[in-house]
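Written below as structure tokens is the structure these notes are about.
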Amino acid sequence: MLNTLIIGASGYTGAELAKMVHLHPHLHLAGLYVSAQSLDANKPISELHGQLKGIIDLPLQPLVDVAAVVESADIVLLATAHEVSHDLAPAFLAAGCQVFDLSGAFRVQGDSFYSDYYGFEHQHTHWLEQAVYGLAEWNSDAIKNAQLVAVPGCYPTASQLALKPLLEAGLIDKAQWPVINAVSGVSGAGRKATLTNSFCEVSLQAYGIFNHRHQPEIASHLDCEVIFTPHLGNFKRGILATITAKLLPGVGEEQVAAAMAKAYQHQDEPNAVRLLGGQAASIQNVVNTCFCDIGWLLQDQHIILTSAIDNLLKGASSQAIQCINIRNEFPALTALV
Ligand SMILES: NC(=O)C1=CN([C@@H]2O[C@H](COP(=O)(O)OP(=O)(O)OC[C@H]3O[C@@H](n4cnc5c(N)ncnc54)[C@H](OP(=O)(O)O)[C@@H]3O)[C@@H](O)[C@H]2O)C=CC1
Ligand SMILES: CC(=O)N[C@@H](CCC(=O)OP(=O)(O)O)C(=O)O
């Protein structure tokens, strides 16, 4: 059994991770941590997340002494804000732990990316360069050898899983930038209370227009510019991305279907993408699952793709567990289905 710690365990993604680690046949849930000053320190996790009562009643321990905590860990899951992950990851990495970071702190290379989009100068260039991007269906060879996996953001997961097969097959006219409109449930913003997330304030509204940090994350990993507009929806969880792109002349339904099948239909190696063909993806069918559902329709040279995930699962926690499975040569969907 691999001793597994969850840092940021009281948050939404942390609680999902706790459930999956608890169910995992090869992982031992060795500790749940919150910040040293946390108001929730020493409470059982099940006091905050009632569905865990009687299943996981471990306490949320304050993370006071990282050096002492490191001793007991083979695997560390960082379900913490970007700056916190940025500061904590190196200590766990230096001690030889495998680190799976759900934040954006190690996802994108580039000189000014972190100061432009995250508001801090990256201090750990060595680890940023070593980090492997954990888009599980596409990076498994690199994940198998990684010590630090940067799990992709929720919108980037839904967007890239739909577009990447077509780009890799050379079917998209990149001169017309694909347009991604995506709606997220409010849990995408985390558990802490803010006015914009409060029940009476949430409507259906675009935000981050032309400046959301997921645009460069998507564009850099796809190697294709995109227009990306996120929206906040008045529901708890799930993301639906509706993506419009232009196909190259002569590309038709058959090539699109073949590219999707080549990317995701492997009998020998199960993955978390389900292809719907001409059916539109919906949030209802993926919430509380580890799956990304992808549908598509063509009209002349235009294609509209729909891609749905649970932001807390395939958009964060289950993708992290998928990466742990790949890294440690367990079947990829262990503890997820
Ligand atoms: N929510 C989502 O859909 C997605 C989230 N992510 C990313 O995953 C990460 C976690 O997100 P989410 O679960 O939503 O966040 P939450 O705000 O729900 O949880 C954050 C957790 O971090 C803890 N924490 C804060 N500061 C520290 C610290 N210094 N040391 C240890 N623990 C700390 C908090 O507890 P306390 O403050 O009490 O210490 C809490 O447990 C973020 O980086 C987010 O961007 C990625 C994809 C999707
Ligand atoms: C609804 C909502 O607020 N969503 C978050 C994205 C959540 C996510 O993917 O997180 P990362 O910050 O780890 O990339 C946002 O737009 O900032």
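Throughout, residue positions are numbered sequentially from 1 according to the sequence presented. All ligand and atom numbering here is 1-based and tracks the order in the structure.
Ligand 2 lies within reach of Gly185, whose nearest heavy atom is under 4.0 Å from it. Contact analysis leaves Val186 out of contact with ligand 2, as no non-hydrogen atom separation drops below 4.0 angstrom.
Taking atom 14 (O) of ligand 2 as the reference point, the nearest protein heavy-atom neighbour is His214 NE2, 2.4 Å. Among all non-hydrogen protein atoms, the one lying nearest atom 8 (C) of ligand 2 is Cys154 SG, 3.2 Å. Of all protein heavy atoms, the one lying nearest to atom 5 (C) of ligand 2 is Gly188 O, 3.4 Å.
In terms of N/O distances under 3.5 Å, ligand 1 is approached by Gly11. Residue Tyr33 has no N or O atom closer than 3.5 Å to an N or O atom of ligand 1. Considering backbone and side-chain atoms together, Glu217 places no N or O closer than 3.5 Å to any N or O of ligand 2. The shortest N/O to N/O separation between Arg213 and ligand 2 falls below 3.5 Å. Inclusion of Pro152 in the set of residues having an N or O under 3.5 Å from an N or O of ligand 1 is not warranted. Ligand 1 has no N or O atom lying under 3.5 Å from any N or O atom of Arg213, backbone or side chain. An N or O contact shorter than 3.5 Å is missing between Arg107 and ligand 1 by distance.
Between Phe120 and His82, the ring center distance fails the sub-6.0 Å criterion.
Atoms of ligand 1 found under 4.0 Å from any heavy atom of Ala316 (numbered from 1 in listed order, with element): 47 (C), 48 (C). For ligand 1 and Ala79, the ligand atoms under 4.0 Å from any heavy atom of the residue are 9 (C), 10 (C), 20 (C), 21 (C), 22 (O).
Under 4.0 angstrom from ligand 1, the non-hydrogen atoms of Thr80 come from both its backbone and its side chain. Only the backbone of Ser187 comes within 4.0 Å of ligand 1, counting heavy atoms alone; no side-chain atom from C-beta on gets that close. Contacts between Ile7 and ligand 1 below 4.0 angstrom, taking non-hydrogen atoms only, involve the side chain exclusively.
The two residues Ile45 and Ala9 have their closest heavy-atom pair at CD1-O, 3.5 Å. Taking both residues in full, the closest heavy atoms of Asn311 and Gly188 are given as ND2-N, 3.2 Å, listed atom of the first, atom of the second, then distance.
For the residue pair Asp74 / His28, no side-chain donor-acceptor distance below 3.5 Å is found, with atom types taken as modelled.
Expressed to the nearest 0.5 Å, how far OG of Ser184 lies from CZ of Phe235 amounts to 6.0 Å.
Classified by interplanar angle (parallel below 30°, tilted 30° to 60°, perpendicular above 60°), the ring pair Phe228/His214 is tilted.
Here the options are Lys164, Lys262, Arg274, Lys314, the test is salt bridge (Lys or Arg N to Asp or Glu O under 4.0 Å), and the partner is Glu137; only Lys314 passes.
Taking each of Arg107, His212, Arg237 in turn, the one with a heavy atom nearest to atom 13 (O) of ligand 2 proves to be Arg107.
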